[in-house]
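Throughout, a chain's letter reflects where its sequence line sits, starting with A, and its residues are numbered from 1. Source: prediction; values computed, not measured.
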There are 2 protein chains.
Amino acid sequence: MDALDILKQHNIKATIQRVKVLEYLMNCSIHPSAEDIYMHLKNELPMISLSSVYNILIEFEKNNLVNKLMTDNNTIRYDYTKCKHYHIYYSDGKIEDFEDKELDNLISEYFNKNYPNIVNDNDINVVINIKNKKDK
Amino acid sequence: MDALDILKQHNIKATIQRVKVLEYLMNCSIHPSAEDIYMHLKNELPMISLSSVYNILIEFEKNNLVNKLMTDNNTIRYDYTKCKHYHIYYSDGKIEDFEDKELDNLISEYFNKNYPNIVNDNDINVVINIKNKKDK
DNA sequence: TATTAAATTATAATCATTCTAATATAAAAA
DNA sequence: TTTTTATATTAGAATGATTATAATTTAATA
Ligand SMILES: [Mn+2]
Ligand SMILES: [Mn+2]
Ligand SMILES: [Zn+2]
Ligand SMILES: [Zn+2]
């Protein structure tokens, strides 16, 4: 399903800015910051403003179209909400998707068995931190 | 082991500021921000500066005395490095420790078996996100 | 004691994000 | 089609966490 349909489905008015932001999020794999998105879109959409990117991301987050990824260097990164997956954080800033159904099940089952009342599946995240060689 | 011994052990000069920061981190359970630490210490140590708190935290981090906890609201929280544990993030900002040996082992074994070359134990974190009732 | 280095402090700078008010665009009403 | 109203975007200011800079204090060394 393409960006336009997704916006319609969520009753979000499909402005050109929103379509472009969503398209970029759907197709890129870098887990961009708001600034990254803005920089990328300026090429094809020179009039877009950084404010709009922030506004749009807030709107998308409310509708669960994107997830915020926490980082420890004070910048929020965004991830298009597709099927459940985890993330590998590299020390150079790269964030990589990590998909593993078997691990999903393992963890789901474990929490359902041991903490059935506290947590539901989607609340649990696995974060993998890897140091790049250069960074000692 | 108390704060003073830990600093000696890591060859960090035991200034009053460093001792107090470390003691607070060791004893409190709120996973404080730099500002939280500063506010708390001002009572018993009125001359301490926020700069020092930041400097000290950087120093502690280099020596693996503390870990940074990522958050999605642009403030870094600090955690004294004790035995391996995970964290529950509540939507109201509280961060709670979550210790579970069985889960540690489960995850360790799984990664050792399936991704032995990519990851080592301590790189893997489990983050649990829970919405407080009020927050809809 | 004099000299040097290290740590702390006050303060300014940076930078990601949010807020505010103005403008533009689209939808609804007349 | 015009007028009105609501919504979205924009530019720019404000905020707030963190980092950088330079001065001062403290501790260590000669
Ligand atoms: Mn910041
Ligand atoms: Mn900030
Ligand atoms: Zn992802
Ligand atoms: Zn903790």
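- Computed from coordinates, the Asn73(B) CG to dG16(D) P distance equals 13 Å when rounded to whole Å.
- For His31(A) against Ile95(A), the heavy-atom pair with the smallest separation is ND1-O, 3.0 Å.
- Within 4.0 Å of Ser52(A), counting heavy atoms only, lies at least one base atom of the nucleic acid.
- For the pair Asn74(B) CG and dT15(D) P, the interatomic distance rounds to 16 Å; values are reported in whole Å.
- Rounded to whole Å, the distance from CD on Glu35(B) to P on dT18(D) is 9 Å.
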(request) Given side chain to side chain donor-acceptor pair (under 3.5 Å), test His85(A) with Asp104(A) step by step and report yes or no. (result) CA-CA 8 Å; His85(A) 66 279; Asp104(A) 295 353; over 6 Å; no
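- For a distance-only test at 3.5 Å, the side chain of Ser51(A) qualifies as a donor-acceptor partner of the base of dG12(D).
- Of the side-chain N and O atoms in Gln17(A), one or more sit less than 4.0 angstrom from OP1 or OP2 of dT10(D).
- In the set dT18(C), dA8(D), dT17(C), the nucleotide with an atom closest to the side chain of Ile58(A) is dT18(C).
- A straight line from NZ of Lys62(A) to P of dT7(D) spans 13 Å, rounded to a whole angstrom.
- Side chain of Asn43(B) to main chain of His40(B): a donor-acceptor pair is present (N/O by atom type, distance under 3.5 Å, no hydrogens or angles).
- Side-chain N/O atoms of Tyr54(A) include none lying less than 4.0 angstrom from OP1 or OP2 on dT18(C).
- No hydrogens or angles considered: nothing links the side chains of Asn64(A) and Thr81(A) as a donor-acceptor pair under 3.5 Å.
- Between the Arg77(A) side chain and the Met70(A) main chain, no donor and acceptor come within less than 3.5 Å of each other.
- Axis orientation changes by 10° from one end of the helix from dT1(C)-dA30(D) to dA30(C)-dT1(D) to the other, with each end axis drawn from 5 pairs and the value rounded to 10°.
- In this model, no side-chain donor or acceptor of Ser49(B) finds a partner on the base of dA10(C) within 3.5 Å.
- Distances from the side chain of Met47(B) to the nucleotides dT18(D), dT9(C), dT8(C) place dT9(C) closest.
- Nucleotide dA7(C) holds its P atom 12 Å from the CG atom of Leu7(B), rounded to whole Å.
- Between Leu45(A) atom CG and dT10(D) atom P the separation is 7 Å, expressed in whole Å.
- Ile76(B) places its CD1 atom 5 Å from the P atom of dT18(D), with the value rounded to the nearest Å.
- Residue Tyr86(B) holds its OH atom at 7.5 Å from CD1 of Ile124(B), rounded to the nearest 0.5 Å.
- Judged by a 6.0 Å distance limit and a 45° cone about the ring axis, Lys94(B) is positioned over the six-membered ring of Tyr90(B).
- Listed nucleotides dT18(D), dA26(C), dT9(C) differ in distance to Asn55(B); the shortest reach to its side chain belongs to dT9(C).
- Separating the CG atom of Asp36(A) from the P atom of dC15(C) is a distance of 15 Å, rounded to the nearest angstrom.
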